[in-house]
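This report refers to the structure that appears directly beneath it.
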Amino acid sequence: MGAGIAQLGVEAGCATLIHDPFADVPKVIAGIAARWEKKGVAHSPPVVATEISALSTCDLIVEAVPERFDLKQETLARLSAVAPEAVLCSNTSSIPITALAAAAADPSRVVGMHFFNPPAVMRLVEVVSAVQSDPEALDRVCRLAEAMGKHVIRCKDVAGFVVNRANRSFGLEALRCLQEGVAGVETIDRIYRLEGGFRMGPFELQDLVGIDTGYEISLSFHQLSFGEPRWRPSTLSAQMTAAGRHGRKTGRGWYRYDAGRPHRSDDQPEPPVVAGMQVEGSGPVAEALRGRAANSDFNDGPRVVVDGLGGMIGTEPFYAITPLHLVEVTGPAGEAAFSSLGLHTARVSTSPAGVLPRAVCRLVNEAYFMLGEQIASPEDIDAGLILGLNHPRGAVGRGDLLGRQNVLTALDGLRELHGDAYRAAPLLRRLTAAPS
Ligand SMILES: NC(=O)c1ccc[n+]([C@@H]2O[C@H](COP(=O)([O-])OP(=O)(O)OC[C@H]3O[C@@H](n4cnc5c(N)ncnc54)[C@H](O)[C@@H]3O)[C@@H](O)[C@H]2O)c1
């Protein structure tokens with residue numbers, strides 16, 4: 001992360017130094033130069049600061065040392081002694097900035113500056129205000145991030161800041177569905193990719209990031225929130241961590257990573273349209289199915305009854321969100337009917353909201369918790385998920401697309417079965433009761 005941030009510093013026109021006593025810094029700088037060469041641009045490389053004291057001339061310093069509270073506190077304390085006038089930024093993803101700032105000689109100069117990986121590519125930066133942060137220091141950090149070409153989200157110092165908090169349920173809901181037997185690992189990943197438009201499924205992503213790392217983050221969320229049920233870590237992650245199945249880096253996680261063998265099979269293209277469908281009901285899923293059926297040359301076919309984010313085909317429940325690409329089905333009738341309409345299907349067990357509608361409703365719900373707590377604006381939440389994590393859509397936008405009433409109904413059904421993790425955000429309920 002440090003190398004990418006230094007690259008951005010130079011590109012923003014700042015005299016930039018790198019200090020890392022444990023890395024081969026000339027090699028890091030050569031890597032940055034190679035990236036510039038590939039892009040066909042020329043810059044003076046960052047300067048190596050062998051001793052931390054060389055940073056005394058800096059106006060602004062970003063720390064990107066490993067994610068350990070004591071190390072970060074110690075680093076900020078040392079930096080504030082070396083450069084007492086500088087604004088000190090932390091690139092932490094999960095440690096409260098307020099607690100880190102307390103270690104600096106002047107806590108008002110400490111600000112969170114959260115880049116996404118890889119920093120030179122991802123367009124988002126979260127600028128996090130600690131309780132002690134001085135507004136001028138925050139403005140300076142925002143101006144620097146903008147000079148680096150970033151979209152800036154200003155946010156409060158809450159667990160996960162805006163983006164990681166908004167996205168907490170992406171992986172947790174997948175783990176809950178797996179544990180409850182709604183579907184298996186590969187099926188859930190395929191559903192997230194094809195139905196949700198995500199580049200990677202949650203289990204593939206956990207394998208990439210490291211299951212142990214993800215588990216640590218989930219523990220920290222739960223601790224920081226004093227046991228919020230929405231963020232209860234999964235016992236499955238604890239087990240995988242204990243078993244040493246940490247993902248790609250250990251050769252095995254949710255998948256096996258054998259050299260020369262893909263960890264999963266390729267997604268097939270959507271099947272051709274060969275039949276129609278009679279659709280009863282209203283709402284976005286019903287409309288999308290009607291649109292598909294009307295586009296086909298057949299206007300009869302099996303009858304489905306749509307109720308919110310899913311419905312029934314004969315005696316089989318099914319689940320879907322829009323835009324419609326894949327339908328989660330619970331039996332052969334759904335499989336035959338939806339695939340003959342040119343849609344992918346995936347077999348899941350009967351549950352209140354299938355796999356993806358459940359996860360998406362949780363994402364929408366979290367966005368409304370954040371809006372109610374005035375943590376970020378709807379635009380920032382959505383920009384954060386799209387630019388920081390490559391989501392195809394933001395959570396507030398998804399809620400509008402699916403209909404807040406449908407989201408609320410799904411959450412209420414889940415709460416009845418699974419408890420308070422699914423309680424609706426007060427603002428979501430209020431706005432749904434009194435639509436504008
Ligand atoms: N990797 C990501 O996806 C990502 C994304 C956003 C934020 N972050 C955050 O960025 C920070 C760094 O993450 P990373 O993935 O680049 O870690 P990393 O382990 O790859 O790099 C950390 C670097 O810090 C150096 N270092 C260790 N102790 C030091 C010290 N006392 N002084 C100076 N340098 C020291 C190490 O030599 C290493 O080069 C963490 O806080 C992490 O949470 C990481």
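We count ligands from 1, going down the list as the structure has it; atoms in each ligand are counted the same way.
For residues 212-233, the set of pairs meeting the salt bridge (Lys or Arg N to Asp or Glu O under 4.0 Å) definition, not counting sequence neighbours, comprises Asp212-Lys249, Glu228-Arg230, Glu228-Arg423, Arg230-Glu366.
Salt-bridge formation is detected for the pair Arg429/Asp412: a Lys NZ or Arg NE/NH1/NH2 atom is positioned less than 4.0 Å from an Asp or Glu carboxylate oxygen.
In this structure the side chain of Met370 reaches within 4.5 angstrom of the side chain of Ile381, judged on heavy atoms.
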Could you go through ligand 1 and note, for every N or O atom, any protein N or O atom closer than 3.5 angstrom, writing the atom names and distance to 0.1 Å, or 'none'?
from: ligand 1; atom 1: 3 (O); to: Asn117; atom 2: ND2; distance (Å): 3.1
from: ligand 1; atom 1: 8 (N); to: Ser93; atom 2: OG; distance (Å): 3.4
from: ligand 1; atom 1: 10 (O); to: Asn91; atom 2: ND2; distance (Å): 2.9
from: ligand 1; atom 1: 16 (O); to: Met1; atom 2: N; distance (Å): 3.0
from: ligand 1; atom 1: 37 (O); to: Asp20; atom 2: OD1; distance (Å): 2.8
from: ligand 1; atom 1: 37 (O); to: Asp20; atom 2: OD2; distance (Å): 3.2
from: ligand 1; atom 1: 39 (O); to: Asp20; atom 2: OD2; distance (Å): 2.6
from: ligand 1; atom 1: 41 (O); to: Val65; atom 2: O; distance (Å): 3.3
from: ligand 1; atom 1: 41 (O); to: Glu67; atom 2: OE1; distance (Å): 2.5
from: ligand 1; atom 1: 41 (O); to: Lys72; atom 2: NZ; distance (Å): 2.6
from: ligand 1; atom 1: 43 (O); to: Glu67; atom 2: OE1; distance (Å): 2.8
from: ligand 1; atom 1: 43 (O); to: Ser93; atom 2: OG; distance (Å): 3.2

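Taking the six-membered ring for Trp, Trp36 and His43 have ring centres closer than 6.0 Å. Taking the ring centroids of Phe203 and Tyr192, they lie at or beyond the 6.0 Å cut-off. In summary, the aromatic rings of His344 and Phe338 are positioned with their centroids too far apart to meet the 6.0 Å limit.
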